[in-house]
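Written out below as structure tokens is the structure these notes cover.
Being a predicted model, the structure only gives us computed values, none of them experimental. The basis for the numbers below is simple: all heavy atoms, side chains too, and nothing from hydrogens, waters or symmetry mates.
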Amino acid sequence: MQVGNYSMRALLWLKKVRLSPSLQVYAQLSRPDGVREGSMPYTAWKCTTQPHSSSPDNVPEHVAERVSLLAIAWDRKVQVAKLVKSELKVYGKWSLDSAAIGVAWLDDHMLVVLTLTGQLYLFAKDGTVIHQTSFAVDGPGGDDLAAYHTHLINIYGNPEKAYHNCIGVRGASVYILGPTHLIVSRLLPWKERIQVLRRAGDWMGALNMAMTLYDGQAHGVVDLPKSVDAVKEAIMPYLVELLMSYVDEVFSYISVAFCNQIGKAEQQDDSKTGSNSVHSEIKEQFTRVGGVAVEFCVHIQRTDILFDEIFSKFVFVQHRDTFLELLEPYILRDMLGSLPPEIMQALVEHYSSKGWLQRVEQCVLHMDISSLDFNQVVRLCREHGLYGALVYLFNKGLDDFRTPLEELLVVSRTSQQETAAALGYRMLVYLKYCFLGLAFPPGHGALPVTRLSSLRTELVQFLLESSDASNPQAVSRGTYLNLYHLLQLDTEATLDVLRCAFLDGENLKRELSMQDGADTSMEAEQENNIMAESQNLWIQNTINALVQITEKHISRADESAVDNVDTRFVDAWPSKKDLGNLFEFIAYHVACRKAHVSKVVLGQILEYLTSESTVPPSVPAHIIETSKEREKQVLALLEVVPETDWNESYVLQLCEKAHFHQVCGLIHTIRHQYLAALDSYMKDIDEPIHTFAYINNMLEKLSDNDSGAFRSAVISRIPELLVLSREGTFFLVTDHFRADSPHILSELRSHPQSLFLYLKTVIEVHLSGTLDFSNLKKADDIDVADGRRVKDQSKGLTAYLERISDFPKFMRNNPVHVNDDMIELYFELLCQFERNSVLRFLGTFDSYRVEHCLRKCQEYGIIDAAAFLLERVGDAGSALLLTLSGLNENFSELESAVESVVSDMSVSASSDHYSTVLKMKEVDNIRSILNACIGLCQRNTPRLQPEESEMLWFRLLDSFCMPLMDSYSDRRASKTKNYGGVQGEVLGSQEDDGAWVIKWKISRSCKGAHFLRKLFSMFIKEIVEGMIGYIRLPTIMSKLLSDNGSQEFGDFKITILGMLGTYGFERRILDTAKSLIEDDTFYTMSLLKKGASHGYAPRSTVCCICNCPLAKNSSFRIRVFSCGHATHLDCELENELSSRGHLSGCPVCMPKKNTQRGARNKSALPENGLVNKVSARPRRAHGTSILHPHEDLLENSYGLQQISRFEILSSLQKDKKLVQIESMPQLRLAPPAVYHEKVKKGPDLLTGESSSALAEVEKPGKRRQLRELKLKGSSLRFPLKSSIFGKEKTNKG
């Protein structure tokens, strides 16, 4: 008790010291979106330190920045905010599956969140879920998972459960306080985690956990250092011990498990097979263990353990080879970059014994040379022939690109033929990669740009050096260069590699600029020039070496011819093809001015390029292409080489024999033989641009005397030039001979084809203002050898190309004038030379005489153009008959084609046969005629009378129905239908000739009769589909049934079904449209009635006529207008008598001149009310049910000047006050559902007797109405009548 007193005194003394904490607000965080109103937030603070952003990782603790983290769990939302320098910022937010009831920090990076459903979440501070588990326990605690109180009340006045202080964290343990229990959850230390997996036998999981810890990626670890390096150092001994334990345990298991199996297999009869199976399984198990060990050791960077202790264990169990073989995939994936010398020695020896040298070479290519024993690996590569690896070692390790070539060349000279060829091609690939700046072997990146220039020089120098040993096939005189070995192997491939070594001007400048960077000083320019001169020197040395080969070959061939020795060995190399490749290589570099040759060699090159024997005669396209390439090479050579180095007459003779017309033109120009040069250029029909470029150049260069003769010669050759290129000739005439164009045109009359080409070009320029010179400019580039362009292109050609590029501007300044005589002359020539273009000309050109053109079309038999002109003058019937005039012949050709197709096919798969028939050319021809006729009829139907249009369509239909008629009913064809007097007016006298009658019939004995009937059924269907919309469907059906009623229904089944389907489809569309209109009308009229039926209140209580109170006497009747004025009815009657008329509106608002309508509906005051509306409901005297349900509103029930419904609705919408209530019509609305029910019950309920009577009344005047529509300009279409939804009787007289 005394203790209690002392305690009380101490407490009282403490209360005397008051602390006054200061409150500082850093930020105000609003409630997140989606949080329940009244929910309880939970918070947790964590103070930590972090280094400054500019500081390194390892800094003293007093230098680090102090940071406070605030975690807020509010309902299902979690936020993490950071407080740095009095500023609170939210940098992480995420959502939960259920409401949170507690939050706490486990360490600086982990956050524990409890939810209402009993889930414990372990989050990283960025919201990543590390772990999730349930903390709910079974027991007497009930549904409450954690302790709470209800002292807090939400805004609604209801208590809220608060779970504050139900969670606590001490170290790596989490304490959760329940109503009757305490839950403790603990994070396992890193070593205990691995041990748990290890004791459970999950070695793979344990090793994976160890690697995750080693990488610093394990979450929820609180007993390891912060830095990754410190973590690796801390756990490394345990990782090594874990790996060795795994290997020992698995090895012991394998030895125990498989010893019994080996013993059982030896006791069985088939002991050899069983033993092999067991040993293969054992090897597979050791391979798996070794793979795990390799990956683990590589991951933790302890290959010393792999190649020391683990390798020793594999050797002890006699599985060394298994270990060596499992290293290969990890080497190829660049996981193992180096091997100890003894392992490398064992690997090479094992793979060599197995014959896997290519695989071990690939392994060497993926190794880090700096970590290998270089001398040992080189020795192994030389001993086992791993030359690709040897090249890689010297290039990568020593930057030596020459030594591998020397070794490969020595080995190839001493090897057998197949091995030597393989090594030679490997050398070529190696050289090409080096010249292109790529590392060898392929796939190892690129070489440094600064090394390329010296590398090319070094390798070319090696190729041009003398070989050490003489070749037995070499000539005895002179030196034998290293280059000759490769040329002898494959001349063409070697020359391609040399082309990669010698860059052209642009590529050389680009490479030098990459080496010098952005340096553009004079020193850099001088260095570039020095590099170019050095390259040209090496090119000249290479050309000299190649020239020696050609000279030695020629001298050797001469000696063989004199001594009569066997030339089989002599002609082995170089062959004629090899010499051709050498000559082309030399010619290319001479044409590029990078080398020069003697007159003799130049003559040999020219003889080769102009020879015809080197071109394969069996490939025409190859002949043309090769010939053009060689001609370009000769041109390039003659433009560069001095004229004194070659004989003009001899070369001209060679070029004329080889048909090198451009070269001949060049030589004639050099010799000032301009007309001969012109004739040579004109012979080159493949590249006509050179002809016109030469003419343009000569006309500008020649003097007056020579120019006159040359101009006369060009004018005399205009017809040939037009055939060569009409575009180029037209430009030539308009540019240089514009004054002579009438003379040229008169001279061309003796050359009809040339005149046609000239006029065609004139018309084209007149219509479009330009020309297409693409055919003329297709060969404006001069390419030689492998496609590289020669820079010294003809200046004349360049100037001419610039001139034709300005052709549209030139024509705008110098327009072309075309008269009628030229057009008619061109049209006649067009009919002669391009019959298929006549119709297109008539359709795009208007300035011509129709009679003249029609006469020419009939003269030359151009049917489509003549039909077009007949249609244009309005004779559609003649145009149709003319188009159909050739159908008999087309039908006969179709029959023959179908018979030939059917006879070549089998009986089965008739559908495939029919698809083949549809693709025939004869079917396409008939279909094109059919489409033309259908289009003609459709275009002319609107402007013709109904009888005329029907006759036009039925003529077309009869043309395709006639062939379907049987032979016994041919007499039906002679019974032509009487179409009246209009027939003679439309078709003229041609109908009497019977030209339109189709005489061809489908014979029953024809093999393809079935296919022909299907085709004609399809044609008839297309005609009928084209008719729909132009001819009434009943008329079409009547025509088909009356003319073809005796035929088989199958021929017209498709057509009739298509018509019925079209009719049904159109009817459904009309039904839908009418229903929509009715719905819309009902809605509109509902609004109208609503606006017209509401009551009106007077503006004033006095009469606007007598100014007396409206209610001065209860017996008075009053009228209220829509404008708000009100009158006594007696006053209004007196006003009407005084104005001698009847009032139709407000006497104040309406002027008296507009108040002449009688008031039939008046308002009166009833006995028991203020306003009484007097109205007379009109009754319909008679009517039909076919009219619209609202049609009775159209009757004039209120006088002759009844207001329309549209005006009433417009007035109501605009809020006008001009509509009087007494003139309002009586609105009677019928909902659309009533009409829909009538439609469902049947069309008879809708039409009735009055509908039939109306149809009968309408029928006699139908033709008269159609004629009236025609006179008004309306086109004939499918008629829409009021009885379209009912029954309609069609009378055919």
Side-chain angles (χ1 to χ4, degrees), residues 685 719-720 722-727 729-730 745 748-768 771-772 775 818-873 875-894 896-897 920-937 939-940 956 959 990 995-996 998:
I685 61 176
E720 292 80 5
L722 283 168
V723 177
L724 188 64
S725 174
R726 61 183 180 90
E727 296 87 359
T729 306
F730 175 79
L745 189 61
L748 286 176
R749 290 184 179 273
S750 58
H751 302 82
Q753 185 176 3
S754 300
L755 179 60
F756 165 69
L757 294 174
Y758 180 75
L759 292 177
K760 181 180 180 179
T761 311
V762 171
I763 298 297
E764 183 178 344
V765 173
H766 177 69
L767 293 176
S768 62
L771 285 175
D772 184 12
N775 294 330
V818 179
N819 52 36
D820 296 339
D821 295 336
M822 293 177 64
I823 293 174
E824 292 183 357
L825 179 59
Y826 170 68
F827 183 79
E828 183 176 358
L829 295 173
L830 187 66
C831 294
Q832 297 179 25
F833 297 104
E834 285 189 13
R835 299 168 57 90
N836 296 330
S837 302
V838 175
L839 180 60
R840 184 171 64 252
F841 171 78
L842 294 175
T844 56
F845 209 78
D846 295 331
S847 301
Y848 56 83
R849 291 184 299 166
V850 177
E851 296 80 4
H852 172 76
C853 295
L854 180 59
R855 185 171 59 255
K856 291 299 179 183
C857 291
Q858 292 175 348
E859 179 182 350
Y860 291 100
I862 305 175
I863 296 176
D864 55 351
F868 173 80
L869 293 174
L870 288 172
E871 182 184 359
R872 185 168 182 178
V873 299
D875 196 354
S878 299
L880 178 64
L881 294 182
L882 184 61
T883 307
L884 296 174
S885 60
L887 273 184
N888 281 309
E889 292 77 9
N890 291 326
F891 290 163
S892 301
E893 294 175 0
L894 176 62
S896 302
M920 292 193 306
K921 180 183 65 176
E922 291 77 9
V923 177
D924 294 336
N925 295 336
I926 296 176
R927 183 172 286 173
S928 62
I929 296 175
L930 177 62
N931 293 332
C933 294
I934 292 175
L936 186 146
C937 295
R939 289 191 300 270
N940 291 274
L956 175 60
S959 301
Q990 296 186 18
W996 66 277
I998 301 299

**Request:** Would you indicate whether the side-chain heavy atoms of V723 and T729 approach each other to under 4.5 Å?
**Result:** no
**Message:** Rounded at 0.5 Å granularity, tell me how far CZ in R855 sits from OH in Y860.
**Reply:** 11.5 Å
**Prompt:** How far apart are the closest heavy atoms of T883 and I929, and which atoms are they?
**Reply:** O-CG2, 3.7 Å
**Item:** Crowding at CD, E834 (>12 non-hydrogen neighbours, <6.0 Å)
**Value:** yes
**Message:** Checking F868 against V838 for the side-chain contact (heavy atoms from CB on, under 4.5 Å) test, could you report, in this order, the C-alpha distance in whole Å, the side-chain angles of both residues, the deciding distance, and whether it holds?
**Reply:** CA-CA 10 Å; F868 173 80; V838 175; over 6 Å; no
**Message:** Any heavy-atom pair between the side chains of M920 and L894 that's under 4.5 Å?
**Reply:** yes
**Asked** Taking all atoms of both residues into account, what is the closest heavy-atom pair of Y848 and L842, and its distance?
**Response** OH-O, 3.2 Å
**Fill in**
When every non-hydrogen atom of F827 is compared with those of C857, the smallest separation belongs to CZ-SG, 3.5 Å
**Asked** At their closest point, which heavy atom of L757 faces which heavy atom of L722, and how far apart are they?
**Response** CD1-O, 3.5 Å
**Prompt:** L759 and L745: side-chain contact (heavy atoms from CB on, under 4.5 Å), yes or no, with the steps?
**Reply:** CA-CA 9 Å; L759 292 177; L745 189 61; 4.1 Å; yes
**Separation of K856 NZ from E828 CD (nearest 0.5 Å)** = 3.5 Å
**Item:** Which atom of L936 lies closest to which atom of A879, heavy atoms considered
**Value:** CD1-CB, 3.6 Å
**Message:** Do M822 and H766 have side chains that approach each other closer than 4.5 Å (heavy atoms only, starting at C-beta)?
**Reply:** no
**Message:** For N836, I'd like to know if atom CG has over 12 heavy atoms of other residues, nucleotides or ligands within 6.0 Å.
**Reply:** no
**Check against side chain to side chain donor-acceptor pair (under 3.5 Å), S837 and R840** = CA-CA 5 Å; S837 302; R840 184 171 64 252; 3.0 Å; yes
**Interatomic spacing from CG in L870 to CD in Q858 - rounded to 0.5 Å** = 6.5 Å
**Prompt:** Taking all non-hydrogen atoms of both residues, which atom of E727 and which atom of D772 are closest, and how far apart?
**Reply:** CG-O, 3.6 Å
**Fill in**
Value for CD (E720) from OG (S754), rounded to nearest 0.5 Å, stands at 7.0 Å
**Message:** Any heavy-atom pair between the side chains of L825 and R749 that's under 4.5 Å?
**Reply:** yes
**Prompt:** Rounded to the nearest 0.5 Å, how far does SG of C933 lie from CG of L884?
**Reply:** 4.0 Å
**Message:** Can you confirm whether or not the ring centre of Y826 sits under 6.0 Å from the ring centre of F841?
**Reply:** yes
**Asked** At what distance, to the nearest 0.5 angstrom, does CG of L887 lie from CG of L930?
**Response** 8.5 Å
**Request:** Kindly say whether D820 contributes a backbone atom to a donor-acceptor pair with the side chain of R849 at under 3.5 angstrom?
**Result:** no
